[in-house]
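So the structure is just underneath, and the comments pick up after that.
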Amino acid sequence: MDSPNRDGAAGDGATDERATRARVEAELSRLVRENRFTIAVVFPLVGAALFVLSHERVLLPAWLAMNPVLVLFGTAVMRLPLVAGLAPLVDRKAGLGLLAVTAYSYFIEYVGVHYGVPYGEFSYELQLGPMVGGVPIGLPVFFLPLVVNGYLLVLLLLPRASRVERTLAALAVVLVVDLVLDPAAVGLGFWTYDGGGFYYGVPLSNFLGWILSGLVAVSIVEWSFDIEALADRLETCEFALDDFVSFVVLWGAMNVYFGNWVAVALAVGLSAGLVRTDRFDFVGLGRERPEQG
């Protein structure tokens, strides 16, 4: 006789959880929307300035120069638009997929640090937050968004692409992302490759490794999300690619500082892709649609 009450209580609990989640997602979207320029432009420019001052060893106290907690915090803030954009779509399958990419990123980085496969022999020179087994605990905050951003950009630019075409195009974007990121990171001393490399101190093996790891990660992302729902979300969420804007601003600026002009040109190419999506400009960072969530 009391089972309907238990079922009703369970149903009410599930309803409450959904309502709470919806409120949290709406609040996060509001926070991002109201602070788009600060998150997508000011934060990366401040980060670039701090990186330069740290590298030049001027003005900053020792505790602040290349402070790993500050690096991790700044990166996490710049990821907020991507988190807010995807949050409504993260069901059980998507959650499992994101966890799988996270686990894979730890595994492949651990193998890379200790065995030199598949990126080549390299080591971290700067602790990017707490480290376990030579791998930053915050690695998914650094790696996973790069893959997802590349995938989202391709989904917007090539809406009619087949699954194979979309995967290969996203892999190409992820590779370009690394061609922008790695030279500046090596210049800053985040990590180094034994023996250096032909591309601003980065060896060919690193990019071959990124093709492998990127293909696995992009394929998992492709499997994880409902593509139609993801495309619809991108159409209604004007800030979904703001994290990619942050990436271009920060690492494009750092490559200018180091004079890595090929990497700068590639960053400009990524910014052109963002402009093509009609979501990115430095005045309003895209079309403001406050009614959208």
Side-chain angles (χ1 to χ4, degrees), residues 21 23-54 60 63-90 94-95 97-106 109 124 126-132 134-153 174 177-178 180-182 184-185 188-191 217 221 224 237-254 270 274 280 285:
R21 173 174 170 170
R23 285 195 298 270
V24 171
E25 291 170 355
E27 183 62 21
L28 181 57
S29 290
R30 183 196 62 78
L31 176 67
V32 169
R33 184 174 290 109
E34 292 179 358
N35 296 279
R36 289 187 69 195
F37 189 81
T38 299
I39 294 172
V41 178
V42 174
F43 257 79
L45 287 178
V46 171
L50 289 174
F51 282 160
V52 170
L53 294 176
S54 297
L60 295 180
W63 67 268
L64 186 57
M66 292 298 183
N67 185 292
V69 175
L70 194 59
V71 171
L72 186 57
F73 171 75
T75 303
V77 170
M78 290 185 287
R79 299 305 190 224
L80 287 178
L82 182 63
V83 173
L86 289 183
L89 303 180
V90 179
L98 294 175
L99 285 175
V101 177
T102 297
Y104 173 74
S105 67
Y106 281 127
E109 197 75 359
Y124 283 96
L126 176 68
Q127 289 192 349
L128 301 176
M131 309 281 282
V132 174
V135 177
I137 289 180
L139 180 65
V141 177
F142 300 115
F143 174 74
L144 180 56
L146 302 182
V147 175
V148 176
N149 280 325
Y151 183 84
L152 295 181
L153 181 62
V174 170
V177 164
D178 187 52
V180 172
L181 169 64
D182 242 288
L188 287 169
F190 281 13
W191 52 79
V221 171
S224 301
C237 183
E238 76 277 13
F239 55 74
L241 283 175
D242 281 7
D243 180 36
F244 216 163
V245 175
S246 300
F247 173 87
V248 170
V249 172
L250 174 58
W251 296 106
M254 292 316 306
L270 290 176
L274 288 166
F280 168 46
L285 281 180

V177 vs F244, side chain to side chain contact (heavy atoms under 4.5 Å, CB included): CA-CA, chis, key distance, verdict: CA-CA 10 Å; V177 164; F244 216 163; 3.7 Å; yes
If we only count heavy atoms from C-beta on, is the [X] to [Y] side-chain gap below 4.5 Å?
| X | Y | result |
| --- | --- | --- |
| L274 | V248 | yes |
| P140 | Y106 | yes |
| L181 | F247 | yes |
| F51 | V71 | yes |
| V249 | F43 | no |
| V90 | E25 | no |

Steps toward side chain to side chain contact (heavy atoms under 4.5 Å, CB included) verdict (V148, L82): CA-CA 9 Å; V148 176; L82 182 63; 3.9 Å; yes
Which pair of heavy atoms, one from [X] and one from [Y], lies closest together, and at what distance?
| X | Y | result |
| --- | --- | --- |
| M254 | A184 | CB-CB, 3.8 Å |
| R36 | E238 | NH2-O, 3.2 Å |
| A84 | F239 | CB-CE1, 3.7 Å |
| N67 | V69 | OD1-N, 3.0 Å |
| A48 | A253 | CB-CB, 4.1 Å |
| S246 | M78 | CB-SD, 3.7 Å |

By side-chain contact (heavy atoms from CB on, under 4.5 Å) - contacts of [X] (at least two apart):
| X | value |
| --- | --- |
| L99 | none |
| A217 | V101, F143, V147 |
| L126 | M66, L128, F190 |
| A65 | S54 |

Criterion side chain to side chain contact (heavy atoms under 4.5 Å, CB included) on V135 and Y124, from CA distance to verdict: CA-CA 8 Å; V135 177; Y124 283 96; 5.6 Å; no
Non-neighbouring partners of F142 that pass ring pair (Phe, Tyr, Trp, His ring centres under 6.0 Å), sequence neighbours left out: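 Expected list: none.
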Separation between [atom1] of [X] and [atom2] of [Y], rounded to the nearest 0.5 Å:
| X | Y | atom1 | atom2 | result |
| --- | --- | --- | --- | --- |
| L72 | I137 | CG | CD1 | 9.5 Å |
| I39 | E34 | CD1 | CD | 10.5 Å |
| N35 | R30 | CG | CZ | 8.0 Å |

Residue pairs passing the side chain to side chain donor-acceptor pair (under 3.5 Å) test where at least one lies in residues 72-89, sequence neighbours excluded: R79-D243
